[in-house]
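FYI, side chains are in, hydrogens and waters are out, and symmetry mates aren't considered; it's all heavy atoms of this structure.
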Amino acid sequence: QVQLVESGGGLVQPGGSLRLSCAASGAMTSIYTMGWYRQVPGKVRELVAHITSGGNTNYADSVKGRFTISGDNAKNTMYLQMNNLKPEDTAVYYCHYFSSREFIGYWGQGTQVTVSS
């Protein structure tokens, strides 16, 4: 069992920045992928960015050059630095953990990000 808690969401003006955090706890495995997803009402949850236990990263085209995913292994915490935010970035952002060894994934409860003037 892995628990994920997101934080850092809020209201920000277009062009502003926000940093999301995801604190993980519980039974961790050595090989995993962690990612940030976002979802708006009535639409499917979409991948924003992910990072592997080896440090490899991947980004959705819509956020490349603006968002940066990173992790602090010592703190079991993942971050999403969001710069130059746009109204279309407005969504609930979810943290996800997937263990390749266990072949099981976990979701956080989400944190709201609203980009509006």
Side-chain angles (χ1 to χ4, degrees):
Q1 180 70 39
V2 175
Q3 294 80 44
L4 305 171
V5 180
E6 302 98 331
S7 62
L11 176 64
V12 64
Q13 293 184 331
S17 298
L18 211 57
R19 191 189 196 193
L20 305 183
S21 298
C22 174
S25 62
M28 312 297 287
T29 58
S30 60
I31 302 176
Y32 61 85
T33 297
M34 293 191 70
W36 288 99
Y37 291 72
R38 64 188 182 188
Q39 186 173 25
V40 298
K43 298 189 68 176
V44 69
R45 199 168 296 181
E46 66 175 1
L47 175 68
V48 176
H50 71 248
I51 185 168
T52 70
S53 51
N56 299 116
T57 60
N58 187 63
Y59 298 89
D61 288 340
S62 60
V63 306
K64 285 182 178 178
R66 299 188 298 120
F67 291 10
T68 302
I69 189 171
S70 62
D72 186 334
N73 290 329
K75 297 181 178 180
N76 285 330
T77 302
M78 179 179 65
Y79 305 96
L80 183 67
Q81 178 65 46
M82 304 184 292
N83 298 325
N84 191 25
L85 283 161
K86 303 175 180 180
E88 51 263 43
D89 294 319
T90 296
V92 176
Y93 284 70
Y94 296 90
C95 177
H96 184 261
Y97 173 95
F98 180 79
S99 169
S100 297
R101 189 176 303 277
E102 296 180 328
F103 204 72
I104 190 170
Y106 303 88
W107 291 100
Q109 65 180 4
T111 184
Q112 177 71 48
V113 172
T114 302
V115 184
S116 176
S117 59

Hydrophobic cluster membership, with links at side-chain heavy-atom distances under 4.5 Å among I/L/V/M/F/W/Y: are [X] and [Y] in one?
| X | Y | result |
| --- | --- | --- |
| Met34 | Ile104 | yes |
| Val63 | Val92 | no |
| Leu4 | Tyr37 | no |

Side chain to side chain contact (heavy atoms under 4.5 Å, CB included) assessment of Met82 paired with Val113: CA-CA 10 Å; Met82 304 184 292; Val113 172; 3.9 Å; yes
For the residue pair [X] and [Y], establish whether any side-chain heavy-atom pair is separated by less than 4.5 Å.
| X | Y | value |
| --- | --- | --- |
| Leu18 | Leu85 | yes |
| Ile51 | Met78 | yes |
| Tyr106 | Gln1 | yes |

Kindly say whether [Y] contributes a backbone atom to a donor-acceptor pair with the side chain of [X] at under 3.5 angstrom?
| X | Y | value |
| --- | --- | --- |
| Tyr59 | Ile69 | yes |
| Thr111 | Gly9 | yes |
| Glu6 | Cys95 | yes |
| Thr77 | Lys75 | yes |

Pairwise side-chain hydrogen bond (donor to acceptor under 3.5 Å, both in side chains) hits with a residue in residues 83-95, at least two apart: Ser17-Asn83, Arg38-Asp89, Arg38-Tyr93, Arg66-Asp89, Gln81-Asn83
Atom of Ser117, atom of Pro14 and distance for their closest heavy-atom approach: N-CD, 3.7 Å
Residues that Lys64 engages under salt bridge (Lys or Arg N to Asp or Glu O under 4.0 Å), provided they are two or more places apart: Asp61
CD/Gln109: more than 12 non-hydrogen atoms of other groups inside 6.0 Å: no
Phe98 ring center near Phe103 ring center (under 6.0 Å): yes
Ring centre gap for Trp36 and Phe67 strictly below 6.0 Å: no
Axial cation check for Tyr79 ring with Arg19, 6.0 Å and 45° limits: yes
Once rounded to the nearest 0.5 Å, what's the spacing between atom [atom1] of [X] and atom [atom2] of [Y]?
| X | Y | atom1 | atom2 | result |
| --- | --- | --- | --- | --- |
| Ile31 | Ser99 | CD1 | OG | 8.5 Å |
| Asn76 | Ser25 | CG | OG | 8.0 Å |
| Trp107 | Cys22 | CH2 | SG | 11.0 Å |

